[in-house]
Number of protein chains: 2
Amino acid sequence: MNPTTRQPRRSRPETLARRERILEAAMTTFGARGYNKGPLTEIADQVGMTHAGVLHHFGSKDRLLIEVLRYRDESDVKDLEGQHIPGGLDLFRHLVRTALLNARRAGLVQAYAVLSAESVTEGHPARDWFVERYRTLRGQVTEAFRAVCAERGIDEPATVDRAAASILGVMDGLQVQWLLDPDQVDLAESTAFAIEAIMAQVLDPRDVL
Amino acid sequence: MNPTTRQPRRSRPETLARRERILEAAMTTFGARGYNKGPLTEIADQVGMTHAGVLHHFGSKDRLLIEVLRYRDESDVKDLEGQHIPGGLDLFRHLVRTALLNARRAGLVQAYAVLSAESVTEGHPARDWFVERYRTLRGQVTEAFRAVCAERGIDEPATVDRAAASILGVMDGLQVQWLLDPDQVDLAESTAFAIEAIMAQVLDPRDVL
DNA sequence: ACAAAATTACTTACCGGGTAGTAAGTTGCT
DNA sequence: AGCAACTTACTACCCGGTAAGTAATTTTGT
């Protein structure tokens with residue numbers, strides 16, 4: 001039995017819970033300080049162990065980061081479980097509802113905002129993850145657009161691609177402005193407005209410039 | 001004469017040029033690696049001096065960063081000199097042109113994308129600068145919207161505020177996606193599309209959800 | 001059922017690299 | 001003479017990773 005095939009035992013549920021606490025602590029620290037400036041000791045402190053203890057569980061800081069990202073994905077999927085994944089118009093309603101929800105979760109929003117931008121830097125461990133994430137999200141939005149367009153006899157693949165990227169773009173860009181200046185930017189209202197604007201332009205384009 | 005009032009002589013033009021080279025090198029390094037992970041030595045190397053030499057000119061790394069940001073602002077203003085600051089419809093045309101230009105300046109785009117998101121983290125030296133920057137930009141876009149709306153007898157201040165934030169938001173958000181995946185995201189096309197969509201929705205709102 | 005063996009979940013201690021800032025000295029311009 | 005523009009050298013930290021040891025727990029052999 002070679003070491004790559006060997007099953008790590010991982011029998012204890014108490015350990016699993018501990019790892020989850022570490023992952024949540026890591027999200028907090030990376031969100032507040034960024035990956036580069038977020039020290040393992042701060043994460044370890046939150047769960048009452050030393051930084052070597054954290055490394056025992058995750059091997060390296062890089063590995064911890066990607067596990068954090070994967071873990072959050074799983075949690076989100078779990079939240080949607082039972083409910084079907086929304087498509088067509090419902091997807092857009094879902095995005096608007098998400099923006100509304102996000103306005104009450106500044107910590108999480110900040111983590112994604114900081115990490116996604118940081119990920120474009122040289123040799124960042126989360127770069128591939130974010131590339132893949134945006135591809136998937138754009139794909140889902142594109143698909144929803146195609147469904148809505150098909151219902152109305154529209155077929156503009158280039159427009160739909162631009163619109164999908166734009167919708168994700170506004171959501172992210174507004175988050176940064178909102179994090180910097182919450183009193184001046186209404187995250188939910190602005191996001192909803194922009195999504196409607198983009199959808200309207202897809203379904204019935206108008207020139208204004 | 002207390003030290004705050006005292007004029008540093010700064011007579012030599014050669015020195016001024018050297019400082020500008022440092023500022024440009026700093027923008028490069030901070031853009032490529034972020035502020036936190038961008039070491040002074042790398043900046044110093046680019047201009048052929050030691051990191052202590054850089055500190056001699058700018059006092060501290062924090063101070064260097066804000067000088068970099070101020071310097072870029074000045075350069076941009078200088079580029080627009082002679083030409084009047086665009087207003088009304090021209091401002092939006094200017095934004096679209098900027099997006100087109102930006103697709104050829106990945107380095108600069110990355111610097112702003114990385115630094116703006118990093119600035120929301122705890123105690124970041126550029127936070128205030130970015131807060132102010134976005135306020136100013138939103139103000140300018142809002143003003144342009146008001147002008148265009150006035151021509152057409154529209155008066156929807158709340159909508160205009162949301163639209164202004166949204167336009168800056170898409171521009172920024174699309175930049176991150178484009179930096180991560182340049183082959184999958186057309187920065188200029190998507191930005192132009194989104195700006196038109198948002199303008200159309202301001203000038204003639206439609207419900208689609 | 002039970003003792004030995006193996007493994008897990010850590011801690012303490014340390015290493016090594018990196019980095020911002022400072023102090024003191026040197027050279028050359030004004 | 002005096003200041004500007006550096007360099008060299010050093011300090012003081014911080015931080016990720018590793019090694020070695022320990023207690024607890026699980027697995028295994030009988």
Side-chain angles (χ1 to χ4, degrees), chain A residues 1-23 25-26 29-30 32-68 118 121-126, chain B residues 1 3 5-23 25-26 29-30 32-68 118 121-126:
Chain A
M1 206 60 88
N2 72 51
T4 60
T5 324
R6 164 178 57 109
Q7 281 276 71
R9 290 216 250 131
R10 185 149 343 181
S11 34
R12 242 169 347 207
E14 192 204 67
T15 299
L16 236 328
R18 227 133 146 84
R19 286 189 191 209
E20 290 191 6
R21 282 190 57 214
I22 296 173
L23 292 169
T29 287
F30 292 153
R33 316 235 265 147
Y35 174 75
N36 287 321
K37 222 196 175 179
L40 286 177
T41 52
E42 188 180 298
I43 295 163
D45 282 352
Q46 293 177 65
V47 297
M49 60 171 78
T50 63
H51 89 277
V54 173
L55 287 172
H56 165 71
H57 286 290
F58 295 97
S60 75
K61 199 188 175 191
D62 283 15
R63 206 113 44 91
L64 173 59
L65 175 60
I66 69 156
E67 294 275 350
V68 168
E118 206 178 4
T121 58
E122 278 171 22
H124 195 283
Chain B
M1 203 61 85
T5 325
R6 161 179 58 109
Q7 280 278 68
R9 287 214 251 134
R10 184 146 347 173
S11 34
R12 252 181 327 224
E14 191 205 70
T15 300
L16 235 328
R18 223 130 146 88
R19 289 192 187 209
E20 292 191 4
R21 282 190 57 215
I22 295 174
L23 292 169
T29 287
F30 292 154
R33 315 238 262 145
Y35 174 75
N36 286 324
K37 221 195 175 180
L40 287 177
T41 53
E42 187 180 299
I43 295 163
D45 281 353
Q46 292 177 64
V47 298
M49 62 171 76
T50 63
H51 89 277
V54 173
L55 287 171
H56 166 72
H57 286 291
F58 295 98
S60 74
K61 198 188 175 190
D62 283 15
R63 205 116 42 95
L64 172 60
L65 175 61
I66 69 155
E67 295 274 352
V68 168
E118 205 177 5
T121 58
E122 279 172 19
H124 195 283

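Throughout, protein chains are lettered first and strands after them, A, B, ... in sequence-line order, and every chain is numbered starting at 1.
Contact between Leu65(A) and Pro125(A) at its shortest, heavy atoms only, is CD2-CG, 3.8 Å.
Screening residues 47-57 of chain A for salt bridge (charged side-chain N to carboxylate O under 4.0 Å, His left out) gives no qualifying pairs among residues at least two apart or on separate chains.
In terms of the side chain to side chain donor-acceptor pair (under 3.5 Å) criterion, residue partners of Gln46(B) (sequence neighbours excluded) are, by chain and number, Thr29(B). Remark: His57(B) engages Arg19(B) in a side chain to side chain donor-acceptor pair (under 3.5 Å) (not counting sequence neighbours). The side chain to side chain donor-acceptor pair (under 3.5 Å) check on Arg33(A) picks up Glu42(A), with sequence neighbours excluded.
Counting heavy-atom neighbours within 6.0 Å of Lys37(A) NZ, excluding the residue itself, gives a total of 12 or less.
With rounding to whole Å, Asn36(B) atom CG is found 14 Å from dG18(C) atom C1'. Rounded to an integer number of Å, the gap from Ile22(B) CD1 to dA4(D) C1' is 13 Å. The nearest whole Å value for the distance from the CG atom in Leu40(B) to the P atom in dC6(D) is 15 Å. The separation between Lys61(A) atom NZ and dG16(D) atom C1' is 8 Å, rounded to whole Å. Rounding to whole angstrom units, CZ of residue Arg18(A) and P of dT25(D) are separated by 12 Å. One interatomic measurement links the two molecules: CG of Leu64(A) to C1' of dC15(D), which rounds to 14 Å at whole-angstrom precision. When rounded to the nearest whole Å, the span between NZ of Lys37(B) and P of dT19(C) equals 9 Å. Taking atom CD of residue Glu14(B) and atom P of nucleotide dA5(D), one finds them 9 Å apart after rounding to whole Å.
Contact of the Arg18(B) side chain with the Val47(B) side chain is not registered, since no non-hydrogen atoms from C-beta on lie closer than 4.5 Å. Contact annotation: the side chain of Leu23(B) approaches that of Leu64(B) to within less than 4.5 Å [non-hydrogen atoms, C-beta and beyond].
Between the side chains of Tyr35(B) and Asp62(B), at least one donor N or O sits under 3.5 Å from an acceptor N or O.
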Report each atom pair, protein N/O against N/O of nucleotides 22-24 of chain D, whose distance is under 3.5 angstrom.
none

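Near DNA chain C, meaning a heavy atom under 4.0 Å away, the residues from residues 42-59 of chain B are His51(B), Ala52(B), Leu55(B).
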